Amino acid sequence: MVQAVNTSVHNKKLKRPFILAAIMMAMFMNAIEGTIVSTAMPAIVSDLGGFSLYSWVFSGYLLMNAVTVLIYGKLSDILGRKPVLLFGIIVFLIGSILCGFSNSMTELIIYRFVQGFGAGAVAPVASTIVGDIYKNEERARVQGYLSSVWGISAVIGPALGGLIVESLTWKLVFWVNIPLGLLSFVGIWFFLHENIEKKKRDIDYLGATLLTLSISTLMVVLVQGGVKWSWASTPVVSLVIVAIIAFVLFIVQEKRASEPMMPFEIWQERSILIANLVSLTTGVMMIGLSSFLPTFVQGVMERSPTVAGFTLTAMSIGWPIASMFSGKLLLKIGFKTTSLLGGCSLILGSSILVLMKPEAGPLIAAMGSFFVGVGMGLTSTSFIVVIQKTVSWERRGIATASNMFMRNLGNTVGAALLGGIMNTRLQAYLNEHAPANSGVTIDTANKLLNSKERSLLPESVVKVLQEGLTLSLQTIYLIVLVFSVISFVLLTRLRKKQQTYGKRQSH
């Protein structure tokens, strides 16, 4: 085990800006990967082929990220933050280099797994380092800076990806991260100093293995269930059984391990339990918005992909703005009230989307997206700050990682749940209203997203598809609204005494 005696960085304040800059570069490298690759995927598929494997380019990265985030969080508590983050950056860069040299879609997916394996260390450990080197009253402001990185990447990523693909080669989409990663590595190597007392290391390898097996099988089920395999098929049922058995064995192992990979007692703290549950529900909301709002704007409102992207950018703008303001709000009105304001904003944004009509226009869609982003920014920043304040150094890494894991899990569960609901609702509507012998199926809806293909469809088919898609997506937004209400109800259960968090030190 490694035990902190307070990081010596507290006494080297002049170096904190350099450490923060290095951390923000690592976070930006991680954040921009998703948006820039999404833009480049059509070019990548046209070059490498393998369209049927398209989704696994994203799923593989998400899977490894979700599987490893808790393990890296715990390892940072045992070995220290610096070696774990440096390891993650190196693995991420190796994966990025290999991705650019891919000669087939299969190779690219394998290298994306490598990338995801490294990325799992970046976000949780970087956020934990901020918790280590900044005091309570400073953390909210600095965590807001980290949140702004994600917003900036969401704005820059698509444009940069499009420019690189059109002007140069898709390979640079992966290699553009290398300078950032190297600068971040150097900054952390030279400026982050941890004054830790090294003791005998008792790493819970069995717990880590069981956790990896449980989460990875669950993620495969959520990604492939209802797509490649039916929910009642033998592969799905078998994997679910494996996931349950592995998780039960993991719980047994954690109760008897001297240094458990997941100390369950941290979940007994109400603020951490509620923060993690709300992160799960908002994770579902976030994927519901980012996955299906562009479909509504392009397919029903008949706007361009650029306009559809703008509606999502509104969320990416609202999030970092709210994160930066949350620092002052936390000190003035407290943790619970700030979180409840975020909950109200989530409900407001979701309500706008539920009431949105096809003729409303993209500005209304962007407004709903913006308020959801504000809610995300207020709640997520509050959660990280209060979690890092609640636990000691030895538990801060795994506590921070557990919150990020719950949001990742919410994303994955939400993608499967909401995607299945949309397909079911749309199919039912088409079965009842589609013109006879028109051959209209769910896949025909893809043509709504392309203005040229849409113009070739009969007007009656376009009308029934748009009506069915509107009904289906309104159902999705209604579910998103339900999750926002659940989030708000959970937030009301927070203890008001957390409002005094800024008056005490955590060290």
Side-chain angles (χ1 to χ4, degrees), residues 21-22 24-62 64-65 88-119 122-123 148-187 290-291 294 298 303-313 316-317 320 449-453:
M24 290 181 72
M25 281 190 284
M27 292 282 276
F28 186 78
M29 172 189 75
N30 187 17
I32 201 172
E33 188 61 27
T35 54
I36 198 172
V37 172
S38 298
T39 308
M41 274 308 296
I44 293 173
V45 171
S46 67
D47 186 20
L48 299 182
F51 184 82
S52 62
L53 300 174
Y54 190 107
S55 64
W56 269 105
V57 174
F58 302 100
S59 299
Y61 183 84
L62 172 68
M64 288 308 299
N65 203 325
I89 291 173
I90 286 296
V91 173
F92 183 91
L93 291 178
I94 291 171
S96 299
I97 293 169
L98 292 173
C99 283
F101 284 113
S102 300
N103 293 311
S104 69
M105 191 65 87
T106 302
E107 282 186 22
L108 177 60
I109 291 168
I110 292 171
Y111 299 147
R112 285 284 282 176
F113 270 90
V114 176
Q115 239 188 346
F117 186 78
V122 176
S148 70
V149 169
W150 295 89
I152 293 168
S153 71
V155 175
I156 294 177
L160 182 61
L163 184 64
I164 289 174
V165 168
E166 289 178 17
S167 306
L168 301 164
T169 169
W170 63 262
K171 296 178 184 292
L172 287 176
V173 164
F174 298 101
W175 294 342
V176 75
N177 280 321
I178 296 172
L180 282 174
L182 291 176
L183 283 172
S184 176
F185 185 95
V186 170
S290 58
S291 297
Q298 285 183 248
R303 302 304 174 106
S304 68
T306 303
V307 173
F310 160 74
T311 61
L312 277 188
T313 300
S316 303
I317 292 172
L449 306 181
N450 185 300
S451 57
K452 291 182 179 178
E453 292 185 2

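Predicted model only: the values in this text are computed from it and were never measured. Numbering starts at 1 and runs along the sequence shown.
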Can you see which heavy atom on [X] is nearest to which on [Y], and at what distance?
X	Y	answer
Gln115	Cys99	OE1-SG, 3.9 Å
Leu108	Phe174	CD1-CZ, 3.8 Å
Ala22	Ser184	O-OG, 2.8 Å
Met27	Ala123	SD-CA, 3.7 Å
Ser102	Glu107	CA-OE1, 3.7 Å
Gly95	Val114	CA-CG1, 3.8 Å

Audit row: Ile94, Val91, side chain to side chain contact (heavy atoms under 4.5 Å, CB included) steps and yes/no: CA-CA 5 Å; Ile94 291 171; Val91 173; 5.5 Å; no
Passing candidate, side-chain contact (heavy atoms from CB on, under 4.5 Å) with Phe28, options Leu180, Asn177, Val122: Leu180
4.5 Å side-chain heavy-atom contact, Leu98 and Phe101: no
So, taking the atom named [atom1] in [X] and the one named [atom2] in [Y], what distance separates them when rounded to the nearest 0.5 Å?
X	Y	atom1	atom2	result
Ile97	Ile178	CD1	CD1	4.0 Å
Trp175	Trp170	CH2	CH2	8.0 Å
Met29	Leu183	CE	CG	11.0 Å

Main-chain N/O of Phe92 paired with Ser96 side-chain donor or acceptor, under 3.5 Å: yes
